[in-house]
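One structure is given here, and the rest of the page talks about it.
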Amino acid sequence: KRKMFKAITNEVQVAVETSYQTSRSDGFADEHVFAYRITITNLGDATVQLLRRHWFIVDSVEQKEVEGEGVVGQKPVLEPGESHEYISGCHLQTETGKMYGTYLFKRVVDGYQFKVRIPEFQLIVPFKNN
């Protein structure tokens, strides 16, 4: 069962879909792997480019901060109406956690930089029905 989380900031929509990776997780070793699919859509009139990402990854044990250029090695340029989708993942030590953050974008026409919110999304191990 997948959940969708969405936010719109500065005419850019970020939609997140999460899934628990059962085959790559080991509850006995406190290793829980989640995948997330992010779809970024330019709802505005100007062409924009994603420059940086800034994530907070939180579980019951720790909070990690991850900052860097682009997303999965790319700095996508989005024309008005265009979307960019990528898949990534994270490891949690506990059965529940969350992620949230921001992307740094720039308007291509004038270089104006602005932040886009990544909506907070829950990472929860699904209950196993035997």
Side-chain angles (χ1 to χ4, degrees):
K1 187 172 146 185
R2 295 168 185 254
K3 279 191 171 169
M4 180 77 79
F5 303 86
K6 283 184 185 176
I8 298 172
T9 319
N10 295 314
E11 300 186 315
V12 176
Q13 176 180 279
V14 179
V16 185
E17 216 180 343
T18 64
S19 62
Y20 183 65
Q21 303 296 294
T22 308
S23 62
R24 297 177 56 207
S25 300
D26 181 354
F28 295 111
D30 293 328
E31 182 75 7
H32 301 284
V33 180
F34 293 86
Y36 53 89
R37 176 197 314 263
I38 301 218
T39 306
I40 302 163
T41 305
N42 180 1
L43 303 175
D45 301 329
T47 300
V48 297
Q49 181 176 21
L50 190 154
L51 301 176
R52 301 185 64 79
R53 69 189 183 283
H54 187 184
W55 283 104
F56 294 93
I57 306 164
V58 181
D59 65 20
S60 304
V61 177
E62 66 178 342
Q63 174 172 312
K64 290 184 279 206
E65 200 172 338
V66 178
E67 199 172 1
E69 289 202 350
V71 289
V72 293
Q74 296 182 297
K75 293 183 183 175
V77 173
L78 299 175
E79 303 283 339
E82 277 190 339
S83 293
H84 176 78
E85 184 177 283
Y86 71 95
I87 295 174
S88 191
C90 73
H91 295 241
L92 297 184
Q93 296 178 56
T94 59
E95 293 182 349
T96 61
K98 64 184 177 183
M99 289 178 65
Y100 60 93
T102 54
Y103 293 124
L104 180 65
F105 272 83
K106 78 170 180 189
R107 264 195 321 241
V108 172
V109 64
D110 59 4
Y112 172 77
Q113 295 191 358
F114 60 94
K115 287 190 175 169
V116 170
R117 188 170 75 86
I118 303 167
E120 180 177 296
F121 54 95
Q122 305 295 317
L123 300 166
I124 301 170
V125 173
F127 292 108
K128 297 184 178 98
N129 297 324
N130 294 349

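If you're wondering where the values come from, they're calculated on a predicted model, not measured in any experiment.
One side chain, Q21 or S19, offers a donor N or O that lies under 3.5 Å from an acceptor on the other.
The side chain to side chain contact (heavy atoms under 4.5 Å, CB included) test with H32 is passed by exactly one of L123, I124, V125, D26: V125. Considering N42, V77, V109, I40 as possible partners of V48, the one that fulfils the side chain to side chain contact (heavy atoms under 4.5 Å, CB included) test is N42.
Under the rule for a salt bridge (charged side-chain N to carboxylate O under 4.0 Å, His left out), E31 has no partner lying at least two apart in sequence or in another chain.
For the atom pair CZ of F114 and CD of E11, the computed distance is 8.5 Å after rounding to the nearest 0.5 Å. Put simply, CG on D30 and OG1 on T94 are 8.0 Å apart, with the number rounded to the nearest 0.5 Å. Distance check: I87 CD1 to I38 CD1 gives 10.5 Å after rounding to the nearest 0.5 Å. In this structure, CD on Q93 lies 13.0 Å from CD on E95, to the nearest 0.5 angstrom. The CD1 atom of I57 sits 12.0 Å away from atom CZ of F34, with the distance rounded to the nearest 0.5 Å.
Under a hydrophobic-cluster definition in which Ile, Leu, Val, Met, Phe, Trp and Tyr are linked whenever side-chain heavy atoms come within less than 4.5 Å, directly or via other members, F121 and I8 are assigned to different clusters. Side-chain heavy atoms closer than 4.5 Å link hydrophobic residues (I, L, V, M, F, W, Y) into clusters, and following such links, possibly through other members, connects L78 to V72. Under the 4.5 Å side-chain contact rule for hydrophobic residues, F56 and V61 do not share a cluster. Taken together through direct or relayed side-chain contacts under 4.5 Å among Ile, Leu, Val, Met, Phe, Trp and Tyr, Y112 and L104 form parts of separate hydrophobic clusters.
Proximity of Y103 to W55: side-chain heavy atoms (C-beta onward) are separated by under 4.5 Å at one or more points. Looking only at side-chain heavy atoms (C-beta outward), I118 and Y100 stay at 4.5 Å or farther from each other. Using a 4.5 Å heavy-atom threshold, the side chains of M99 and T18 count as separate. A 4.5 Å side-chain heavy-atom check between P76 and V71 finds at least one atom pair inside the cut-off.
Residue pairs meeting the salt bridge (Lys or Arg N to Asp or Glu O under 4.0 Å) criterion with at least one partner in residues 76-90, sequence neighbours excluded, are R37-E85. Each side-chain hydrogen bond (donor to acceptor under 3.5 Å, both in side chains) pair with one or both residues in residues 113-122, not counting sequence neighbours, appears once here: E120-Q122.
Of the possible polar contacts, none joining the T41 side chain to the L43 backbone as a donor-acceptor pair under 3.5 Å is found. With hydrogens and angles disregarded, no donor-acceptor distance shorter than 3.5 Å links the side chain of N10 to the backbone of V12. One N or O on the side chain of R53 and one on the backbone of G70 form a donor-acceptor pair closer than 3.5 Å.
Considering every non-hydrogen atom in both K75 and Q49, the closest pair reads O-NE2, 3.0 Å. Of all heavy-atom pairs spanning G111 and K106, the tightest one is O-CB, 4.1 Å. Contact detail for S25 and Y20: the closest heavy-atom pair is CB-OH, 3.1 Å. Heavy-atom minimum distance, G44 versus P80: O-CB, 3.2 Å. The two residues S83 and T39 make their nearest non-hydrogen contact at CB-CG2, 4.1 Å.
Within a 6.0 Å sphere centred on NZ of K6, other residues, nucleotides and ligands contribute 12 heavy atoms or fewer.
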